[in-house]
A.B. asks: 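Take this structure first; my questions come after.
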Amino acid sequence: MKIVVGDRNVLPHREQFESALPADAEVVWCIPFDEDRVIDELADADVYVGGKFSAAMGAAAPKLRMVHVAGAGTDNVDRSRLGPDVQVCNTFHHEQSIAEYVVAATVMLRRKFLQQDRALRAGRFATAVYDPSIAQPLSLSGARIGFVGFGHIGRRTWQLFQAYGATGAAVTGSGLAPNEGLEWVADAEGLTRLAEFADVLVVSAPLNEHTRGMIGAEELRTLGEDGILVNVGRGPLVQEQPLFDALSRNEIAAAAIDVWYRYPGPDGVGEPSSLPFRELDNVLMTPHSSGVTHHTFVGRVADIASNISALGPRAVER
């Protein structure tokens, strides 16, 4: 069984991964990711492990039986050249790490720690203690948290927010969610209602044809000048220009953006958007790192190895 790995996040766990595979497994590590090299290696491969899978890769892999993403989202897998029997798998284990990010980012933005840090570096103590024009910030006690999507990430994040005394509501694709103390749950028709309810809007829905651009100017205006948006789902769930406009005009208070509209090549260098979010002082910008922890990938590597082992040997060709 030949396995091609093109995801560098698996590499730190190489020993764990390889020791959990079948005895006949041959692992080829294409790190850093190089699509031309991957295409060459896929000619006789059974499994590909990586977040990006192009049509060209599919065309080069006639014996492929599984594409395994080392994460939850499969939106970067082009299935157009995959045979009907090829399994496309994903894995989670990121919910704890992302939940920690969401809560930490919310506290930083709600308490205005970013602005205080910048001011103090310039010698100014930017708090209500010294400047009466600055309002005393709000804690999380009693904060209203609105969840756009309530899967693994939403549920774990809500558990953490509950410990701070927050209240919550959610919008899901089905309009249903486990009864975990939310005030109410609605389908996508309730998105405006959710934005009106929320002090903090947490976006963790999957990206598909129904959810792309689901949050635009109207929802952001409704969230309001004291509202905070935290996007840990996919960048295009939130319309790019309206988000920039709402932040630059202070139509919403702040945003934490961990998922973007542009991504770099393997060297990690590139602008995350065509718009200058970096110039705004009310944005926490992170490079899709909310779920990238040792804890996350120990669990993911175990899942990937288990799923590969479940494939069994390739059928004998006749």
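All values below come from the heavy atoms of this structure, side chains included, with hydrogens, waters and symmetry mates left out. Bear in mind the structure is a predicted one, so any value in this text is a computation, not a measurement.
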A.B. asks: Would you kindly confirm whether Val77 and Ile3 end up in one hydrophobic cluster when ILVMFWY residues are joined by side chain heavy atoms under 4.5 Å apart?
C.D. replies: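 No; tracing contacts between hydrophobic side chains, which count when under 4.5 Å, never links both residues.
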A.B. asks: Asp245 side chain to Ser248 main-chain N or O, any donor-acceptor pair under 3.5 Å?
C.D. replies: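 Judged by distance alone, no pair lies under 3.5 Å.
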A.B. asks: Is Ile215 close to Leu201 at the side-chain level, that is, under 4.5 Å between some pair of heavy atoms?
C.D. replies: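 Answer yes - side chains close enough.
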A.B. asks: Counting only N and O atoms by type, is there a donor-acceptor contact under 3.5 Å from the side chain of Thr296 to the main-chain atoms of Gly291?
C.D. replies: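 Yes, Thr296 side chain to Gly291 backbone: donor-acceptor pair under 3.5 Å.
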A.B. asks: Take a 6.0 Å sphere around CD of Glu225 and say whether it holds more than 12 heavy atoms from other residues, nucleotides or ligands.
C.D. replies: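 It does not: Glu225 CD has 12 such atoms or fewer within range.
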A.B. asks: Keeping the roles fixed (side chain from Asp258, backbone from His288), state whether a donor-acceptor pair exists under 3.5 Å.
C.D. replies: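 Yes; judged by distance alone, with no hydrogens or angles, the pair exists.
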A.B. asks: Would you compute the distance between atom CZ of Phe53 and atom CG of Asn76 and round it to the nearest 0.5 angstrom?
C.D. replies: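 Phe53 CZ to Asn76 CG: 12.5 Å, rounded to 0.5 Å.
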A.B. asks: Could you grab the distance from atom CD1 of Ile31 to atom CZ of Arg37, nearest 0.5 Å is fine?
C.D. replies: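 Going from the CD1 atom of Ile31 to the CZ atom of Arg37 covers 8.5 Å.
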A.B. asks: So, does Arg79 use its side chain to make a donor-acceptor pair with the main chain of Val86 at under 3.5 Å?
C.D. replies: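 Flag not set: sc Arg79 to bb Val86 has no pair under 3.5 Å.
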A.B. asks: Hydrophobic cluster membership, with links at side-chain heavy-atom distances under 4.5 Å among I/L/V/M/F/W/Y: are Val202 and Val185 in one?
C.D. replies: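 They do share one cluster, since a chain of ILVMFWY contacts under 4.5 Å joins Val202 to Val185.
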A.B. asks: Can you confirm whether Phe33 is buried at CZ, in the sense that more than 12 heavy atoms of other residues, nucleotides or ligands lie under 6.0 Å from that atom?
C.D. replies: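 It does: Phe33 CZ has more than 12 such atoms within range.
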A.B. asks: Evaluate side-chain contact (heavy atoms from CB on, under 4.5 Å) for Tyr130 paired with Arg124, printing each intermediate quantity in order.
C.D. replies: CA-CA 9 Å; Tyr130 298 99; Arg124 176 170 169 256; over 6 Å; no
A.B. asks: With a 4.5 Å heavy-atom cut-off, do Pro287 and Trp260 have their side chains touching?
C.D. replies: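 Contact flag for Pro287/Trp260 side chains = no.
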A.B. asks: Please test Val49 against Trp29 for side-chain contact (heavy atoms from CB on, under 4.5 Å), starting from the C-alpha separation and ending with a verdict.
C.D. replies: CA-CA 10 Å; Val49 178; Trp29 296 86; over 6 Å; no
A.B. asks: I'd like to check Phe297 versus Val292 (side-chain heavy atoms, cut-off strictly below 4.5 Å). Are they in contact?
C.D. replies: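 Phe297 reaches Val292 side chain to side chain.
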A.B. asks: Walk me through it: do His152 and His93 pass the test ring pair (Phe, Tyr, Trp, His ring centres under 6.0 Å)?
C.D. replies: CA-CA 9 Å; His152 290 76; His93 297 283; 8.9 Å; no
A.B. asks: Taking the basic N atoms (NZ, or NE/NH1/NH2) and the acidic carboxylate oxygens, is any pair closer than 4.0 Å for Asp281 and Arg118?
C.D. replies: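 Arg118 and Asp281: not salt-bridged.
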A.B. asks: Sort out for me which residue in Thr157, Thr286, Thr293 forms a side chain to side chain donor-acceptor pair (under 3.5 Å) with Tyr101.
C.D. replies: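 Among Thr157, Thr286, Thr293, the one that satisfies the side chain to side chain donor-acceptor pair (under 3.5 Å) with Tyr101 is Thr286.
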A.B. asks: Do you know the tightest heavy-atom contact between Arg8 and Pro32?
C.D. replies: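 Distance-wise, the nearest heavy atoms are NH2-CB, 3.5 Å.
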A.B. asks: Give, for atom CD1 of Ile308 and atom CZ of Arg65, the distance between the pair rounded to the nearest 0.5 Å.
C.D. replies: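 With rounding to 0.5 Å, CD1 (Ile308) is 10.5 Å from CZ (Arg65).
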A.B. asks: Look at Arg144 together with Asp199 and state whether they make a salt bridge at an N to O cut-off of under 4.0 Å.
C.D. replies: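 Salt bridge flag = yes for Asp199 with Arg144.
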A.B. asks: Can you tell me how far CG of Leu82 sits from OH of Tyr48, rounded to the nearest 0.5 angstrom?
C.D. replies: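 Those atoms lie 12.5 Å apart.
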A.B. asks: Under a 3.5 Å distance rule, please check whether Glu41 uses its side chain to pair with a backbone N or O of Val38 as donor and acceptor.
C.D. replies: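 Flag not set: sc Glu41 to bb Val38 has no pair under 3.5 Å.
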A.B. asks: Could you pull out the closest heavy-atom pair between Gly146 and Ala198, with the gap in Å?
C.D. replies: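 Nearest heavy atoms, Gly146 then Ala198: N-CB, 3.7 Å.
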A.B. asks: Grab the two heavy atoms, one from Ile153 and one from Ser204, that are nearest each other, plus how far apart they are.
C.D. replies: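 Of all heavy-atom pairs spanning Ile153 and Ser204, the closest is CG2-CB, 3.9 Å.
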A.B. asks: Spell out, as yes or no, whether a donor-acceptor pair under 3.5 Å connects the side chain of Ser97 to the backbone of His94.
C.D. replies: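 Side chain of Ser97 to backbone of His94, a donor-acceptor pair under 3.5 Å: no, none is there.
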A.B. asks: Please test Asn307 against Gln87 for side-chain contact (heavy atoms from CB on, under 4.5 Å), starting from the C-alpha separation and ending with a verdict.
C.D. replies: CA-CA 10 Å; Asn307 287 340; Gln87 300 179 48; over 6 Å; no
A.B. asks: Using only atom types and a distance under 3.5 Å, with no angle test, would you say the side chain of Thr211 pairs donor to acceptor with the backbone of Leu237?
C.D. replies: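 Not at all, since once roles are kept as given, no pair shorter than 3.5 Å links the two residues.
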A.B. asks: Keeping the roles fixed (side chain from Gln16, backbone from Val298), state whether a donor-acceptor pair exists under 3.5 Å.
C.D. replies: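 Indeed, once roles are kept as given, a pair shorter than 3.5 Å links the two residues.
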A.B. asks: When you look at CD of Glu183, are more than 12 heavy atoms from neighbouring residues, nucleotides or ligands closer to it than 6.0 Å?
C.D. replies: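 Check passes, neighbour count above 12.
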A.B. asks: Would you please name every residue forming a side-chain hydrogen bond (donor to acceptor under 3.5 Å, both in side chains) with Lys112, sequence neighbours left out?
C.D. replies: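 Here no residue qualifies.
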A.B. asks: Can you tell me if Glu196 has over 12 outside heavy atoms packed within less than 6.0 Å of its CD?
C.D. replies: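 For Glu196, atom CD is not crowded (no more than 12 foreign heavy atoms under 6.0 Å).
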A.B. asks: Would you say Val238 ends up clustered with Tyr263 if hydrophobic residues are merged whenever their side chains have heavy atoms under 4.5 Å apart, either directly or through other cluster members?
C.D. replies: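 Yes, one cluster joins them.
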A.B. asks: Heavy atoms only: give me the nearest Asp7-Gly51 pair and the separation to one decimal.
C.D. replies: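 Reported closest heavy-atom pair: OD2-N, 4.0 Å.
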A.B. asks: Would you say the side chain of Asp303 lies within less than 4.5 Å of the side chain of Phe92, judging by non-hydrogen atoms?
C.D. replies: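 Side-chain contact under 4.5 Å: no.
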A.B. asks: Validate the cation-pi geometry between Arg14 and Phe17: distance from NZ or CZ to the six-membered ring centre under 6.0 Å, angle to the ring axis within 45°.
C.D. replies: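 No - Arg14 does not lie over the ring of Phe17 by the 6.0 Å and 45° rule.
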A.B. asks: I would like to know whether Gln116 and Arg111 meet side-chain contact (heavy atoms from CB on, under 4.5 Å); could you show each step before the answer?
C.D. replies: CA-CA 9 Å; Gln116 291 175 17; Arg111 299 280 297 275; 5.6 Å; no
A.B. asks: Nearest 0.5 Å, please: how far is CD in Glu100 from CD in Glu95?
C.D. replies: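 One gets 11.0 Å once the value is rounded to the nearest 0.5 Å.
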A.B. asks: Going by the angle between their ring planes, with limits at 30° and 60°, are Phe147 and Trp158 parallel, tilted or perpendicular?
C.D. replies: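 The arrangement is perpendicular - the two ring planes meet at more than 60°.
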A.B. asks: Do the non-hydrogen side-chain atoms of Leu243 and Ile252 ever get within less than 4.5 Å of each other?
C.D. replies: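 Yes, their side chains come closer than 4.5 Å.
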A.B. asks: Ignoring hydrogens and geometry, is there a side-chain-to-backbone donor-acceptor pair from Asn231 to Ile257 under 3.5 Å?
C.D. replies: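 Answer holds: no.
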A.B. asks: To the nearest 0.5 Å, what is the distance between CG (Leu311) and NE2 (His68)?
C.D. replies: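 Rounded to the nearest 0.5 Å, the CG-NE2 separation comes to 9.0 Å.
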A.B. asks: Could you tell me whether the side chain of Asp34 reaches within less than 4.5 Å of the side chain of Pro266, counting heavy atoms only?
C.D. replies: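 They are not in side-chain contact.
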A.B. asks: Less than 4.5 Å apart, side chain to side chain, heavy atoms only: is that true for Arg234 and Arg212?
C.D. replies: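 The answer is no, as the side chains (C-beta and beyond) never meet within the 4.5 Å cut-off.
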A.B. asks: Between Gly190 and Trp184, what is the shortest heavy-atom contact and its length?
C.D. replies: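 Smallest interatomic distance, heavy atoms only, reads O-CH2, 4.2 Å.
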A.B. asks: Would you mind reporting whether Leu140 and Arg110 have side-chain heavy atoms less than 4.5 Å apart?
C.D. replies: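 Contact flag for Arg110/Leu140 side chains = yes.
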A.B. asks: Give a yes or no on whether a salt bridge exists between Asp44 and Lys63, defined as a side-chain N under 4.0 angstrom from a carboxylate O.
C.D. replies: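 Judged by the 4.0 Å cut-off on N to carboxylate O distance, Asp44 and Lys63 do not form a salt bridge.
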A.B. asks: Can any side-chain N or O of Arg262 pair as donor or acceptor with the backbone N or O of Glu271 at less than 3.5 Å?
C.D. replies: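 Not at all, since once roles are kept as given, no pair shorter than 3.5 Å links the two residues.
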A.B. asks: In this structure, would Leu247 and Val102 fall into the same cluster of hydrophobic residues linked by side-chain contacts under 4.5 Å?
C.D. replies: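 No, because Leu247 and Val102 fall into different hydrophobic clusters, even though each may have its own neighbours under 4.5 Å.
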A.B. asks: Test of understanding: clusters of I, L, V, M, F, W, Y form through side-chain heavy atoms closer than 4.5 Å, transitively. Do Ile145 and Val107 belong to the same one?
C.D. replies: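 In one cluster: yes.
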A.B. asks: For Met57 and Lys52, work out which heavy atoms get closest and say how close.
C.D. replies: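 Taking Met57 first and Lys52 second, the nearest heavy atoms are CE-O, 3.5 Å.
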A.B. asks: More than 12 heavy atoms of other residues, nucleotides or ligands under 6.0 Å from CZ of Arg81: is that the case?
C.D. replies: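 It does not: Arg81 CZ has 12 such atoms or fewer within range.
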A.B. asks: Are more than 12 heavy atoms from other residues, nucleotides or ligands located less than 6.0 Å from atom CG of Asn179?
C.D. replies: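 12 or below, so no.
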